[in-house]
Amino acid sequence: MGGLKRTHMCGALRPENVGQRVVLMGWVQKRRDHGGLIFVDLRDRSGLVQVVFSPDSSAESFAKAGGVRNEYVLAVEGKVVPRPEGTENSALPTGRIDVICYGLRILNRAKTPPFYIEDGIDVDENLRLRYRYLDLRRPEMQLTLEMRHRTVKAVRDYLDQKGFLEIETPMLTSSTPEGARDYLVPSRVNPGRFYALPQSPQLFKQILMVAGMDRYFQIVRCFRDEDLRADRQPEFTQIDMELSFVDVDDVISLTEEMVVRICSEAIGLKPELPFPRLSYQEAMDRYGSDKPDTRFGLELADISDVALNCGFKVFSSAAASGGLVKGINAKGCGGFSRKDIDDLTAFASIYKAKGLAYFIVTAEGVKSPIAKFFGPQEIDTILTRLDAREGDLLLFVADSPGVAYAALGALRVHLAERLNLIPENLFNFLWVTDFPLLDYDQEEQRFVAMHHPFTSPREEDLGLLESDPGNVRARAYDLVLNGIEVGGGSIRIHRRDIQEKMFKAIGFTPEEAVDKFGYMLEAFEYGTPPHGGIAFGLDRLVMLLAGRKTIRDVIPFPKTQSAACLMTGAPGPVDPVQLKELHIRTEVKQPRTAKQG
RNA sequence: GGAGCUGUGGUGUAGUGGUUAACAUGCCGGCCUGUCAAGCCGGAGACCGCGGGUUCAAGUCCCGUCAGCUCCGCCA
């Protein structure tokens, strides 16, 4: 840089700086060459400032500026001057001043970038990911990463203040049964043995409680080898916490305050406390989801009782065989065409709904292919249940509870989007509590932990653990924001006998339990305090606060849906020598690379 | 494992089975002393993701495949 030292950031200059000699370093956003006068918008992380090159102030710089192109890296020595009257740019924070250049150094040249370095670009995500360093130059990406930093800093400041210690846990750990697929790391010095990357530091943080650390937190990377979604990456970051001597309300109120602090420092928002709470059952009944979006209405109604005795076989048999008949009122959609309804039916079928029954509410009564199966009394009850008015479209699903909830829950969100019912800039936090402890897995023909196997049952349900496992409620809680789960936790089991019962309930033999979690059971015998905690999905939280639709936008170097990094080409093939050292042979002859095509 | 959408100059798009694949922007050159979506003039740049097939003729129709995205399953 030829001994030059930067004095200011580009975006920081204001009329107060007029008269100052400044040295700026940054990238060329745009050059406007007027022949006798050249304007260059110089950009750094802080913003843009207009640099003026004129032969009157420096003939040499003016000549050099003619050869400057977009994304060249410049060092500019100049003087801050007020803009001539009438040439101010109110769209720019620095728009009332210019920097007149007296000395220009071209620190580096740049090829023409493959896409525009600006906000709101509409470009193939392939390109953005391949040239991520250019994508990240865009102001909105830089602001998002700054917001992520503010979030993390707010968490650290808050938890430090509350007496938490930030403690690290291993990345190379052991694979555990249950849960997601593990990422495995072969051990060179232990042939045939593997570490697993942590799906979460769950066991370690509990052990830290046994160790008397009292309050722990960690901003920690977690790994799950499952298929990707807009809000799921194979590696993601959790704000992970655990506290001793607490109950559900303690964890909830402590983290509520933290969330408020995050919102305030990241985006200047002050959500009202306490956040609403909903039981799992109520969330399912009203919204068909355990992570309901409460920014709009369209709640579900249950008509299983009416359906049970009606003449429509599809309804009555669903209701009679333990299923549900539920409906949703698509307000004002009575004018939907046959095709519109077919589309909604197709949408519901994604969630395994076998069909979508409908009522169109008109002044003359209900128009529906299935109206004839209902008496006037029954129709009246249904209309009342769904709060139906003339011009409404009522949609019904009759199926197993799982399918009815899923299909209508998704339909509810789908309709809200289509009808533009979702207000912008609304942040609806809410707790979902009282989850079932266990969930029956049809495929495996056994109960599995809904949260994880270390979640404590509610005391009053303890007796059901053996007699009626499906109805045991957990001391678990999820934090939901605008229909997305951003956090979840529980009070843990801290007694060996209960932990053993839990393992038994999910089908572990005592030998398996000891084999996989013996150290944990043993630790429980050395004075384990009651404890509980929570983990937040940092990426999702920042995504929502930043108003983005995918966590890829808040992760500097994300993976594609096929878990590849388009910039580095990971995962890539490795030298056979490396494999040999690791005592590994693969079945694949010619590995596909991520960059083909 | 499955369903859907997308793929055409650098970028974003248009393109009814039929001539030399069109437009905008960017890029390159020239002119231009107050622009900030600068302006004006000129120029280069795509064998239409890849591979087959149908056809006298394919960017367009069919099959396969690759990549990206969205979703179902999966994600304690």
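Just so it is clear, the values below take in all heavy atoms, side chains as well, and ignore hydrogens, waters and symmetry mates.
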Ignoring hydrogens and angles, does a donor from either the side chain of Arg232(A) or the base of C75(B) sit under 3.5 Å from an acceptor on the other?
yes
Any N/O donor-acceptor pair, Arg130(A) side-chain to G68(B) base, under 3.5 Å:
no
Under-3.5 Å donor-acceptor pair between Asn70(A) side chain and G26(B) base
no
Rounded to whole angstrom, note down the C1' distance from G49(B) over to G68(B).
11 Å
Rounding to an integer number of Å, can you tell me how far Lys559(A) NZ sits from C69(B) P?
12 Å
So, does the side chain of Tyr351(A) form a donor-acceptor pair with the base of G73(B) at under 3.5 Å?
no
Output the single nucleotide from C74(B), G26(B), C32(B) whose closest atom is nearest the side chain of Arg229(A).
C74(B)
Need one value for Glu125(A): base, sugar-phosphate or nothing, where a base atom within 4.0 Å counts as base even if backbone is also close, heavy atoms only.
sugar-phosphate
Can you check the distance between G53(B) and A44(B), where both ends of the measurement are the P atom (answer in whole Å)?
36 Å
Please give, in whole Å, the distance from C27(B) P to Glu71(A) CD?
11 Å
Which part of the nucleic acid does Phe115(A) contact within heavy-atom distance under 4.0 Å: base, sugar-phosphate only, or nothing?
nothing
Aromatic-base stack, His34(A) on A38(B), cutoff 5.5 Å, angle under 30:
yes
Ignoring backbone atoms, establish whether Arg69(A) has a side-chain N or O less than 4.0 Å from OP1 or OP2 of C28(B).
yes
Check the phosphate of U70(B) against Arg552(A), side-chain N and O only, distance under 4.0 Å to OP1 or OP2. Yes or no?
yes
Describe the nucleic acid contact of Val448(A) in one word from base, sugar-phosphate, nothing, applying a heavy-atom distance below 4.0 Å.
nothing
For a quick check of understanding: with a heavy-atom distance under 4.0 Å over all strands, which category does Leu127(A) fall into, base, sugar-phosphate or nothing?
sugar-phosphate
For U60(B), the Watson-Crick or wobble counterpart (both distances under 3.5 Å):
none
G-U wobble or Watson-Crick pairing nucleotide for C31(B) (cut-off 3.5 Å, both distances)
G39(B)
Closer than 4.0 Å, any side-chain N/O of Thr550(A) to the OP1 or OP2 of C69(B)?
no
Taking the same atom, P, in A46(B) and in A21(B), what whole-Å distance lies between them?
11 Å
Is Asp33(A) touching bases, backbone alone, or none of the nucleic acid, heavy atoms closer than 4.0 Å?
base
Is the Tyr131(A) ring parallel, tilted or perpendicular to the Tyr133(A) ring (thresholds 30°, 60°)?
perpendicular
What integer distance in Å separates Ile484(A):CD1 from C75(B):P?
19 Å
Using atom CZ of Arg181(A) as one end and atom C1' of G73(B) as the other, report the distance to the nearest whole Å.
11 Å
Is it the case that the base of G7(B) and the side chain of Asp124(A) share a donor-acceptor contact (distance under 3.5 Å, atom types as modelled)?
no
Picking from C75(B), G10(B), U35(B), which would you name as closest to the side chain of Pro114(A)?
G10(B)
Looking at every strand, decide which applies to Ser200(A) at a 4.0 Å heavy-atom threshold: base, sugar-phosphate, or nothing.
base
What is the distance from OH of Tyr131(A) to P of G10(B), rounded to the nearest Å?
11 Å
Taking all heavy atoms of Met502(A) and all of Ala449(A), pick out the closest pair and write down the distance.
CE-CB, 3.9 Å
Between atom CG in Asp122(A) and atom C1' in U6(B), what is the gap in whole Å?
12 Å
It should be established whether Asn126(A) places a side-chain nitrogen or oxygen under 4.0 Å from OP1 or OP2 of nucleotide U6(B).
no
Using purine N1 to pyrimidine N3 plus N6-O4 or O6-N4 for Watson-Crick, or N1-O2 and O6-N3 for G-U wobble, both under 3.5 Å, which nucleotide pairs with C75(B)?
none
Aromatic ring pairing Phe517(A)/Phe503(A), orientation class (parallel under 30°, perpendicular over 60°, tilted between):
parallel
Determine the interatomic distance between C1' on G45(B) and the same-named atom on U25(B); round to the nearest Å.
13 Å
If the C1' atom of C41(B) is compared with that of C5(B), how far apart are they to the nearest Å?
43 Å
Counting the atoms with a prime plus P, OP1 and OP2 as sugar-phosphate, which does Arg83(A) contact under 4.0 Å by heavy atoms, base, sugar-phosphate, or nothing?
base
Does Phe347(A) have more than 12 heavy atoms from other residues, nucleotides or ligands lying within 6.0 Å of its CZ?
yes
A3(B) - base-pair partner by Watson-Crick or wobble geometry, distances under 3.5 Å:
U70(B)
Choosing from C71(B), C36(B), G10(B), which nucleotide comes nearest the side chain of Ile350(A)?
C71(B)
By the 4.0 Å heavy-atom rule, please label Glu443(A) as base, sugar-phosphate, or nothing.
nothing
Provide the Watson-Crick or G-U wobble partner of U19(B), both distances under 3.5 Å; none if there is no partner.
none
Whether over 12 other heavy atoms sit under 6.0 Å from Arg109(A) CZ
no
Using atom C1' in both nucleotides, what's the gap between U60(B) and A22(B) to the nearest angstrom?
15 Å
Closest of G1(B), U33(B), C69(B) to the Ser54(A) side chain is U33(B)
G34(B) P sits how many Å from Arg31(A) CZ, rounded?
16 Å
Roughly how many Å is it from CD1 in Ile121(A) to P in G26(B), rounded to a whole number?
16 Å
With sugar-phosphate meaning primed atoms plus P, OP1 and OP2, does Asn89(A) contact a base, only sugar-phosphate, or nothing at under 4.0 Å between heavy atoms?
base
Going by atom types only, do Gln238(A) and Ser200(A) share a side-chain donor-acceptor pair under 3.5 Å?
no
Measuring from the side chain of Pro55(A) (C-beta onward, heavy atoms only), which nucleotide among U70(B), G73(B), U33(B) has the closest atom?
U33(B)
Atom CZ of Arg31(A) with >12 non-hydrogen neighbours under 6.0 angstrom
yes
Any Thr560(A) side-chain nitrogen or oxygen under 4.0 Å from OP1 or OP2 of G68(B):
yes
Is Glu178(A) salt-bridged to Lys516(A), going by a charged N under 4.0 Å from an acidic O?
no
Output the single nucleotide from C72(B), G34(B), C71(B) whose closest atom is nearest the side chain of Ala230(A).
C71(B)
Which value, in whole Å, describes the distance between the P atoms of nucleotides C63(B) and A3(B)?
13 Å
Check: Val185(A) and Phe194(A) side chains under 4.5 Å, non-hydrogen atoms:
no
Is there side-chain contact between Val76(A) and Leu42(A), with at least one heavy-atom pair below 4.5 Å?
yes
Closest-nucleotide mapping onto RNA chain B: is Asp41(A) or Met450(A) further toward the 5' terminus? I mean the 5' end.
Asp41(A)
Separation of the C1' atoms in G59(B) and U13(B), to the nearest angstrom
14 Å
Short side-chain N/O contact to A38(B) OP1/OP2 from Lys30(A), under 4.0 Å
yes
